[in-house]
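For reference, the structure discussed in these notes is given below.
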Amino acid sequence: MRENKVIAPKLLDWYDRHARSLPWRIPPGSGQRADPYRVWLSEVMLQQTTVAAVRDYFLRFTARWPGVQDLAAADDAEVMAEWAGLGYYARARNLLACARQVASAGGFPTTRDGLRALPGIGPYTSAAIAAIAYDQPETVVDGNVERVVSRLFAVEKPLPVAKPDLTALAETLTPQMRPGDFAQAMMDLGATICTPRSPACGICPLIDDCDARAAGIAANLPRKAPKAAKPERSGIVWIARHGDALVLEQRPDKGLLGGTLAFPSSGWDGREMPPPGPATWAEIGNVRHVFTHFNLSLQVLSGVLENPPDRGRLIRLHMIDRNTLPGLMRKVWDVARADISA
DNA sequence: TAGCCGTGGGC
DNA sequence: TGCCCAAGGCT
């Protein structure tokens, strides 16, 4: 694949003038060096997650754990609670495992291959850290880059089959100088101008280089294979009261909402469970939630346990912190709280 | 390797 | 409203 020396200078010039200001980013031209810890943390949080959703989580994490040694020393439950609401909870467990490996090694690996071997760091994140924090000319390919490249070269082959082609094309664009800024520039371009719908081609710095624009098909790329329909699932969740406390449990590390704090439930996640103890149950509401691969309807049952629960642990009502629950269980808690106060 | 794994915002 | 999408990784 032939090298393309036209794109990077134009894009970097645009980035120097239009880079987004983000908490984890060093502004272009400042001459400062990005902190690998902050680059890593932000990249993991940003996996399949919007900038708007990540910003406050990043600020809270870095305020509480300023360095990788601080995070490595944290309790698992504290990290899970701080991550609650951000989704994809395997990231939080891998984050902690990674922090502990890095801390005991005395620092982050400085090569893409070294980074790639750490938990939660894959092809994208390893390239991003190597380029942004260590100034190495690695090619960073995320959803933005796939979209930008598919348009620049008018690639009509659909994703995900086209992914290797798009990666090879992206490699022809990566400059030896400022590879980190180039990667971030590609992502900023994709996020603000070369957007999925209604791309703003009129103000794009690469308009003269874009094959899709010339062919009038920019808004139709990248093409994607059709997705399967989402099945419907249903289940039960128990609001089990004992005195002035409710039963909560930590879910198993693997699987749905792995490692998060939750009300006992059954029937929706491949696990058939009995209630946390004998009681007379009454329906107090229903909660709907959308997961990546199914829609969920959860019947909320409430009851009073006469004896301590068979599993989980009792948490006093005023000690239940909504922010430490995953999104689904926040909805359940809202239903329970409305019922209790009624 | 393709299915699994959250959540919220935009249109 | 329902669907799409967002700086993916793991198995």
Side-chain angles (χ1 to χ4, degrees), chain A residues 20 22-25 34 38-58 80 83-95 97-98 115-133 138-148 159-161 163-164 167 170 180 182-192 194-198 219 222 224-233 251-260 262 268-270 287-296 325-331:
Chain A
R20 288 179 291 175
L22 301 170
W24 48 84
R25 176 177 283 180
R38 295 167 63 87
V39 174
W40 162 71
L41 179 61
S42 65
E43 291 299 346
V44 172
M45 287 183 165
L46 285 162
Q47 289 167 4
Q48 295 291 285
T49 308
T50 58
V51 166
V54 165
R55 185 177 266 114
D56 288 347
Y57 281 87
F58 177 82
M80 292 306 295
W83 193 277
L86 198 54
Y88 284 135
Y89 297 96
R91 292 185 295 173
R93 287 178 273 115
N94 286 331
L95 188 80
C98 182
L115 290 159
R116 175 74 182 80
L118 292 166
I121 298 183
Y124 163 76
T125 305
S126 58
I129 298 171
I132 296 169
E138 301 289 353
T139 297
V140 177
V141 182
D142 74 329
N144 289 301
V145 175
E146 288 177 359
R147 185 169 58 255
V148 170
L159 285 168
V161 177
K163 168 103 177 178
T167 298
F182 176 77
Q184 295 177 90
M186 288 284 278
M187 294 189 279
D188 273 23
L189 188 74
T192 64
C194 197
T195 52
R197 291 175 295 241
S198 308
K224 297 196 175 180
K227 298 181 179 178
K230 268 187 194 179
E232 190 78 16
R233 291 193 199 176
R251 292 179 57 80
D253 275 348
K254 301 212 179 274
L256 281 158
L257 306 179
T260 64
W268 61 281
D269 54 0
V287 160
R288 290 197 61 81
H289 196 70
V290 177
F291 286 89
T292 310
H293 52 296
F294 65 94
N295 295 321
L296 175 63
L325 301 172
L328 169 63
M329 292 298 159
R330 290 180 186 181
K331 293 180 183 176

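A note on names: the letters A, B, ... follow the listed sequences, proteins ahead of strands, and every chain is numbered from 1.
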| field | Whole-Å gap separating C1' (C:dG8) and CH2 (A:W40) | value | 16 Å
| said: Under 4.0 Å, counting only non-hydrogen atoms across every strand here, what does A:V44 touch: a base, just sugar-phosphate, or nothing? | reply: nothing
| query | Using atom P of each nucleotide, how far apart are C:dA7 and B:dC5 to the nearest Å? | reply | 23 Å
| query | Partners of A:F58 by ring-ring contact (aromatic ring centres under 6.0 Å, His included), sequence neighbours excluded? | reply | A:W24
| task | Using side-chain hydrogen bond (donor to acceptor under 3.5 Å, both in side chains) as the criterion, list what pairs up with A:R233, not counting sequence neighbours. | result | none
| What nucleic acid atoms does A:P119 come within less than 4.0 Å of, heavy atoms only: base, sugar-phosphate, or nothing? | sugar-phosphate
| task | Measure the distance from NZ on A:K163 to P on C:dG9 and round it to the nearest whole Å. | result | 8 Å
| query | Taking it one step at a time, do A:F291 and A:H289 satisfy ring-ring contact (aromatic ring centres under 6.0 Å, His included)? | reply | CA-CA 7 Å; A:F291 286 89; A:H289 196 70; 5.0 Å; yes
| message | Is a donor from one side chain sitting under 3.5 angstrom from an acceptor on the other, for A:R25 and A:Q184? | response | yes
| note | Whole-Å distance, A:M45 CE to C:dG9 P, equals 16 Å
| What's the CD-P distance between A:E232 and C:dT1, to the nearest Å? | 15 Å
| Any residue meeting side chain to side chain contact (heavy atoms under 4.5 Å, CB included) with A:T292, in chain and number order, not counting sequence neighbours | A:Y88
| request: For A:H289 and for A:P160, find the nucleotide of DNA chain B with the closest heavy atom, then tell me which residue's nucleotide is more 5'. | output: A:P160
What does the list of N/O pairs under 3.5 Å between the protein and nucleotides 5-7 of chain C look like, with a distance for each?
{"unit_1": "C:dC5", "atom_1": "OP2", "unit_2": "A:K227", "atom_2": "NZ", "d": "3.4"}
{"unit_1": "C:dA6", "atom_1": "OP1", "unit_2": "A:R147", "atom_2": "NH1", "d": "2.7"}
{"unit_1": "C:dA7", "atom_1": "OP1", "unit_2": "A:N144", "atom_2": "OD1", "d": "2.6"}
{"unit_1": "C:dA7", "atom_1": "OP1", "unit_2": "A:N144", "atom_2": "ND2", "d": "2.1"}
{"unit_1": "C:dA7", "atom_1": "OP2", "unit_2": "A:N144", "atom_2": "OD1", "d": "3.0"}
{"unit_1": "C:dA7", "atom_1": "OP2", "unit_2": "A:N144", "atom_2": "ND2", "d": "3.4"}
{"unit_1": "C:dA7", "atom_1": "O5'", "unit_2": "A:D142", "atom_2": "OD2", "d": "3.2"}
{"unit_1": "C:dA7", "atom_1": "O5'", "unit_2": "A:N144", "atom_2": "ND2", "d": "2.7"}
{"unit_1": "C:dA7", "atom_1": "O4'", "unit_2": "A:D142", "atom_2": "OD2", "d": "2.6"}
{"unit_1": "C:dA7", "atom_1": "N9", "unit_2": "A:Y124", "atom_2": "OH", "d": "3.3"}
{"unit_1": "C:dA7", "atom_1": "N7", "unit_2": "A:E43", "atom_2": "OE1", "d": "3.3"}
{"unit_1": "C:dA7", "atom_1": "N7", "unit_2": "A:E43", "atom_2": "OE2", "d": "3.1"}
{"unit_1": "C:dA7", "atom_1": "N6", "unit_2": "A:W24", "atom_2": "NE1", "d": "3.1"}
{"unit_1": "C:dA7", "atom_1": "N1", "unit_2": "A:R20", "atom_2": "NH2", "d": "3.0"}

| message | Just to verify, what does A:P123 make a side chain to side chain contact (heavy atoms under 4.5 Å, CB included) with, not counting sequence neighbours? | response | A:R112, A:R116
| field | Rounded P spacing from B:dG6 to C:dT11 in Å | value | 14 Å
| query | Taking only residues two or more places apart in sequence, or in another chain, which ones meet A:N144 in a side chain to side chain contact (heavy atoms under 4.5 Å, CB included)? | reply | A:D142, A:R147, A:M187, A:A191
| field | Partner residues of A:K224 under the side-chain hydrogen bond (donor to acceptor under 3.5 Å, both in side chains) criterion, sequence neighbours left out | value | none
| request: Would you classify A:L86 as touching base, sugar-phosphate or nothing, given that sugar-phosphate means primed atoms plus P, OP1 and OP2, and contacts are heavy atoms under 4.0 Å? | output: base
| message | A:A84: which residues meet the side chain to side chain contact (heavy atoms under 4.5 Å, CB included) condition with it, sequence neighbours left out? | response | A:R330
| request: For DNA chain B, note the earliest and the latest nucleotide, 5' to 3', having some atom under 4.0 Å of a heavy atom belonging to chain A. | output: B:dC4 to B:dT7
